[in-house]
Structures are given as structure tokens and as C-alpha cells.
2 protein chains.
Amino acid sequence: MITKPEFSIPEPTLKRLPRYYNYLKGLLNKGREVVSCTHIGKDLDLDPPQIRKDLAYTGIRGIPKVGYQVEVLLNSIEEFFGWNSCDEAFLVGAGNIGRALINYQGFQRYGFRIVAAFDNSPEIVGKRIDKIEVLPLAKLTNLCLRMNVKIGVITTPDHAAQEVADMMIAGGIKGIWNFAPAEIKTPEGVIVQSENLAAGLSMLSKKLQMLQKSGKIRQEDTK
Amino acid sequence: MITKPEFSIPEPTLKRLPRYYNYLKGLLNKGREVVSCTHIGKDLDLDPPQIRKDLAYTGIRGIPKVGYQVEVLLNSIEEFFGWNSCDEAFLVGAGNIGRALINYQGFQRYGFRIVAAFDNSPEIVGKRIDKIEVLPLAKLTNLCLRMNVKIGVITTPDHAAQEVADMMIAGGIKGIWNFAPAEIKTPEGVIVQSENLAAGLSMLSKKLQMLQKSGKIRQEDTK
DNA sequence: TAGATTGTTAATCGATTAACAATC
DNA sequence: TAGATTGTTAATCGATTAACAATC
């Protein structure tokens with residue numbers, strides 16, 4: 001019987017913590033040593049009590065009247081997410097987005113590194129993308145097991161996503177970072193984080209549409 | 001005084017609608033003509049009443065005892081988001097992710113097309129990426145105004161994001177699709193949709209970490 | 001000390017879930 | 001008709017916001 005961990009952390013908090021991190025990093029570079037929630041809230045457009053709660057999840061305590069020490073806070077968030085140690089990941093689908101993720105080194109700061117790429121197109125297999133070799137898809141499951149890789153990235157076309165996910169799961173992968181706009185079914189114990197860019201884009205354009213419509217209504221109202 | 005539109009649509013609904021769309025497209029390809037919320041719910045792991053509410057926002061009505069007509073539903077979602085007409089967008093930052101977005105043609109289905117790219121690196125300016133010319137950043141604001149472009153995509157490094165956003169806003173851009181892991185401040189009436197990939201990745205690895213920890217605790221418990 | 005800030009408890013708000021009448 | 005499904009209203013749940021005591 002699988003139950004929720006006693007101290008489950010709200011998802012919105014999990015999403016905000018990296019924002020604080022980026023922001024605080026900027027403050028540190030400017031030489032700032034201490035910061036209050038009021039101050040953070042003004043810059044990030046969030047309520048101070050919420051920030052306090054969020055930060056408390058990382059185990060840190062602020063100093064009344066003073067605020068939080070920027071450097072301590074940064075360390076606290078780093079440790080909370082485990083960014084000091086590095087997770088190795090396999091990527092499947094060496095297309096546009098796949099290659100971009102491989103080339104982008106920035107995720108190493110977040111304890112994440114792509115160590116191999118897989119594809120089933122003979123034109124791509126065997127080539128190298130930024131020192132990472134592209135291997136045939138058939139080797140995926142075995143290599144997952146052999147190298148004990150626990151995170152997989154899916155950057156394949158839509159229709160291949162589920163099949164690739166199944167191969168990953170067979171290889172013991174527990175976390176899937178999915179960029180394909182497809183539903184992925186996984187057994188309990190395997191987590192999927194989908195970056196549905198089309199959804200993000202659609203939200204943006206819909207909000208824009210609504211804003212313009214309400215603007216027009218307003219214009220008519222003021223006639 | 002700006003007020004919310006009378007019929008504001010919940011953000012979770014906005015995020016789920018494109019999921020329904022993808023899923024229904026798959027059903028249509030399989031030749032399915034009618035589908036019930038119970039059925040959708042099973043495949044997408046959602047509660048049927050929630051699906052009904054979500055779909056109702058697009059203005060569609062189902063048929064009791066029967067369900068929804070797949071094709072009608074698809075059209076309804078397309079129209080809701082305005083995917084039949086195309087928004088033109090400018091992209092700034094022709095790095096890895098920027099180039100991937102330009103090369104990826106798939107967003108045209110969602111009424112979105114990148115018509116020009118901008119960068120300030122002399123090595124890239126003047127080149128073409130998939131028929132799209134890379135222009136010098138200095139031309140951004142004027143071209144926005146001249147071409148009446150309303151959507152901007154930011155794929156620059158962190159530190160340049162705010163400056164680029166300001167140039168876009170000066171050019172009359174109303175919606176910013178941001179891929180830089182940075183805070184962007186905008187005046188009222190300008191919408192930002194941030195795709196914070198680092199945040200998604202961090203959430204995934206944290207959940208994985210929590211899952212493994214709770215698993216270990218359980219093992220100890222059963223001793 | 002007075003003021004600012006933290007940390008926490010209570011109230012509010014919004015979305016999800018449950019219940020159920022209406023309907024082809 | 002009976003069963004399945006929709007659409008809607010009410011109950012629940014969780015996160016945000018407000019209020020306030022504790023503290024350097």
C-alpha cells in the first residue's frame with residue numbers, strides 16, 4: 001500500500017523555489033547579504049507570508065527584524081533539491097529539441113546531466129552531439145539497467161512517446177521528463193514531468209485573446 | 001480601472017484543454033466518432049465531471065446517454081483557442097533553444113508562426129535558420145511596430161531577458177513566451193508565459209527523491 | 001525602546017470531487 | 001423502459017491571504 005509521504009510539499013511551492021533561487025543568485029551577485037520577504041515579494045510579485053512558508057520547506061529559518069541571509073538561503077535551496085550531486089539521464093529523440101537540450105549545458109547546475117542519446121534513424125545513430133554519442137534505440141533498455149540510469153528524457157515525435165516510455169520503464173527508469181505532446185501512462189512509482197510547450201503557447205494566446213476582447217468591450221462601454 | 005473579464009477561465013482548465021485535443025486527435029485517427037467523459041477520464045486519469053466542465057468552457061454540449069462527437073469537440077477546441085488563424089511572432093536569441101523552436105514547424109497547428117529572429121552576436125546575424133533571417137537586435141522595436149507583431153519569444157541567456165522584454169514592450173508586443181530562467185517585469189496589459197524548464201526538471205528530481213525516501217522509510221517500517 | 005520582520009494560526013478563496021436530477 | 005451519460009448544484013479539499021503574537 002503506497003501512501004503519500006507525511007510531509008508532502010505543495011506543487012506550487014516546488015515550482016516557486018527555483019524562481020527564488022534565480023532571483024537570490026542575482027541579489028548575491030549584486031553583493032547583497034540579507035533580504036526580507038517584503039523585499040522579495042515586491043520583486044517577484046508574491047505575498048510575503050507565502051514566501052516564508054515556501055522557504056520554510058527547505059528547512060531554513062529567518063531572523064526576525066533582519067530577514068534571511070542570501071547565501072545561506074541559496075545553499076538551503078540547493079541542498080533541498082540535491083543540486084550538489086548529479087543525476088545521469090538518457091535522452092531519446094535526437095531531433096531539434098533533443099539536440100538543444102544536449103547542447104545546453106546549463107542544467108548541470110541543477111544536478112542533471114545527459115550522458116547518452118538514443119534514436120532509431122540510421123542517419124543520426126553513430127554521430128556525436130556535443131561529445132554525446134547517439135546510440136540505436138534498441139540498446140536503451142539494457143543500457144539503462146547496466147548503467148543504473150534513473151531519469152529519461154523524451155524528445156521524440158508524439159506517436160513514439162509511449163513506446164519509448166515503456167522501454168525506459170523496462171530499464172528501471174523512475175522519472176521521465178517528457179517533451180512530446182502526448183499522454184504517457186506509467187505504473188505507480190514512475191513519475192512523469194511533461195513540458196507541454198503547445199499548452200503553454202495556447203494559454204498565452206488565449207489570455208491575449210481574452211484581454212483584447214475585454215479591452216474592446218471596455219471601449220464600447222465607455223462610449 | 002482594469003477588471004477581470006466576467007467569464008474568466010480557470011488556468012488548470014486552459015492547461016488541460018490542449019491535452020484533450022491531442023487525445024481526441026488520436027481517437028479520431030483510430031476512427032472513433034463518439035466518446036464519453038467516463039472513457040476520456042479513464043485514459044487521461046481525470047474525473048468525468050471535471051472533463052465536462054472543462055469542455056463546457058469551449059461552448060460545446062454533449063448528448064446525454066451518448067457522449068460527445070469527437071470531430072465536433074476537436075473543432076470546438078480549435079475555435080476556442082483560435083488555432084484556425086495564425087499569430088506571427090518574433091524570436092530573440094538564436095541559441096540552442098531558439099533554433100530548435102524555429103526549426104520545429106509543429107506550432108503552426110496551434111496558430112503560431114515565428115516570422116523573424118533577432119540576435120546581437122555578429123556571427124549569427126545575417127544568417128538564415130530554416131528560411132528565417134536572423135536580424136540585428138537593434139531593429140527589434142521598430143520592426144514590431146512596423147509589422148504589428150504582438151507576440152515575442154525570449155530564448156536569450158538569463159541576464160538579457162528583461163532588456164529584450166523591454167524592447168518588445170516598446171514595440172507594442174502584448175504577449176511574451178519566455179524560455180529564459182529569469183524574472184520579467186511587464187506593465188499591465190502585457191502577458192508573460194514562462195517555460196521554466198529548470199523548474200520542471202527540479203520538480204521531477206525532487207519528487208523522485210521524495211519517492212525513494214518514502215520507499216526506504218517503508219522498508220525500515222516493515223523490518 | 002520602537003519598528004520591522006518572522007512564524008503561525010485562522011479566514012478566505014478557488015478548484016476539485018461528490019451527489020443527483022434531467023435527458024436521449 | 002432501463003441504463004448510461006450529461007449538466008449542475010452542493011460539499012470538500014488545498015492553497016492563498018489575512019491577522020497577529022513572538023522576537024532580534
Side-chain angles (χ1 to χ4, degrees), chain A residues 3-20 24 27 32-73 76-77 80 199 203 206-207 210, chain B residues 3-20 24 27 32-73 76-77 80 199 203 206-207 210:
Chain A
T3 49
K4 277 197 175 180
E6 302 86 83
F7 265 112
S8 83
I9 295 153
E11 204 153 312
T13 297
L14 243 29
K15 226 179 265 176
R16 280 190 297 266
L17 281 170
R19 282 184 64 197
Y20 299 133
L24 292 165
L27 284 191
R32 182 129 196 175
E33 288 179 6
V34 161
V35 69
S36 76
C37 286
T38 328
H39 191 99
I40 301 178
K42 227 167 256 166
D43 285 344
L44 261 49
D45 205 25
L46 293 168
D47 278 354
Q50 179 166 78
I51 300 172
R52 261 171 239 132
K53 273 189 185 168
D54 286 343
L55 297 180
Y57 278 108
T58 70
I60 204 157
R61 296 193 64 86
I63 308 158
K65 192 182 165 177
V66 177
Y68 296 83
Q69 287 168 281
V70 177
E71 204 160 355
V72 176
L73 208 38
S76 182
I77 296 173
F80 175 80
M203 282 174 60
K206 183 66 194 176
K207 282 182 190 169
M210 292 194 293
Chain B
T3 49
K4 277 198 176 180
E6 303 88 81
F7 267 111
S8 81
I9 295 152
E11 206 154 311
T13 296
L14 243 30
K15 229 178 264 177
R16 279 189 298 264
L17 282 169
R19 282 184 65 197
Y20 300 133
L24 292 165
L27 285 190
R32 180 131 199 172
E33 287 180 8
V34 160
V35 69
S36 75
C37 286
T38 327
H39 192 100
I40 302 179
K42 228 165 256 167
D43 284 345
L44 260 51
D45 204 26
L46 293 168
D47 278 353
Q50 178 166 79
I51 300 173
R52 263 170 237 134
K53 274 190 185 167
D54 285 343
L55 298 179
Y57 277 107
T58 71
I60 206 158
R61 295 195 63 87
I63 309 158
K65 191 181 166 180
V66 178
Y68 296 83
Q69 288 170 280
V70 176
E71 204 159 356
V72 177
L73 207 39
S76 182
I77 296 173
F80 175 80
M203 280 173 62
K206 184 64 194 179
K207 283 181 189 169
M210 291 193 294

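Chain A is the first sequence line, chain B the second, and so forth, proteins listed ahead of strands; every chain is numbered from 1. Predicted, not measured: the structure shown is a model, and the values here were computed from it.
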**OP:** Using atom NE2 of B:His39 as one end and atom C1' of D:dA4 as the other, report the distance to the nearest whole Å.
**Re:** 15 Å
Subject >> OH on B:Tyr20 to CD1 on B:Ile77, rounded to 0.5 Å >> reply: 9.0 Å
**OP:** Looking only at side-chain atoms of A:Ser36, point me to the closest of D:dA18, C:dT17, C:dT6.
**Re:** C:dT6
**OP:** With the side chain of A:Gln50 defined as its heavy atoms from C-beta on, choose the nearest nucleotide among D:dG7, D:dT16, C:dG7.
**Re:** D:dT16
Subject >> NZ/NE/NH1/NH2 to OD/OE distance under 4.0 Å, A:Glu11 and B:Lys207 >> reply: yes
Original post:
What is the distance from CG of B:Leu14 to P of C:dA15, rounded to the nearest Å?
Top reply: 11 Å
Original post:
Nearest-Å distance, CD1 (B:Ile60) to P (D:dG7)?
Top reply: 9 Å
Original post:
Does the side chain of B:Arg52 get closer than 4.0 angstrom to OP1 or OP2 of D:dG7 through an N or O atom?
Top reply: no
**OP:** Please confirm whether the backbone N or O of A:Thr13 pairs with a side-chain atom of A:Lys53, one donor and one acceptor, at under 3.5 Å?
**Re:** no
Original post:
With no hydrogens and no angle check, is any side-chain donor or acceptor of B:Ser76 less than 3.5 Å from a backbone partner on B:Thr58?
Top reply: yes
Original post:
Can you tell me how far C1' of D:dA22 sits from CZ of A:Arg61, to the nearest Å?
Top reply: 11 Å
Original post:
Between the side chain of B:Arg52 and the main-chain N/O of B:Gly62, is any donor-acceptor distance below 3.5 Å?
Top reply: no
**OP:** Rounded to the nearest angstrom, tell me the gap between atom OH in B:Tyr57 and atom P in D:dG7.
**Re:** 14 Å
**OP:** Go through residues 64-72 of chain A and report each residue with a non-hydrogen atom lying under 4.0 Å from DNA chain D, sorted by number.
**Re:** A:Pro64, A:Lys65
Original post:
Which residue, A:Leu46 or A:Ile63, contacts DNA chain D at a nucleotide closer to its 5' end, judged by nearest heavy atom?
Top reply: A:Leu46
Subject >> Nucleotide C:dT16, atom P - distance to NZ of B:Lys15 in whole Å >> reply: 10 Å
Subject >> Contiguous pairing runs of three or more, Watson-Crick or G-U under 3.5 Å, that involve DNA chain C >> reply: C:3-24 with D:3-24
**OP:** Hey, could you give me the CD1/CZ distance between B:Ile51 and B:Arg16, rounded to the nearest 0.5 Å?
**Re:** 9.0 Å
Original post:
Which nucleotide in the list C:dA15, D:dA18, C:dT16 gets nearest to the side chain of B:Arg16?
Top reply: C:dT16
**OP:** Provide the closest heavy-atom pair for A:Leu24 versus A:Val70 in the form atom of the first, atom of the second, distance.
**Re:** O-CG1, 3.6 Å
Original post:
Hey, is the main chain of B:Leu44 close enough, under 3.5 Å, to the side chain of B:Arg19 for a donor-acceptor pair?
Top reply: yes
**OP:** Kindly indicate whether the side chain of A:Lys53 and the base of D:dT17 share any N or O donor-acceptor pair separated by less than 3.5 Å?
**Re:** yes
Original post:
Which whole-number value in Å describes the distance from B:Ile40 CD1 to D:dA4 P?
Top reply: 18 Å
Original post:
Rounded to the nearest 0.5 Å, how far does CD1 of B:Ile60 lie from CD of B:Gln69?
Top reply: 8.0 Å
Subject >> Nucleotide C:dT16, atom C1' - distance to CD1 of B:Ile51 in whole Å >> reply: 13 Å
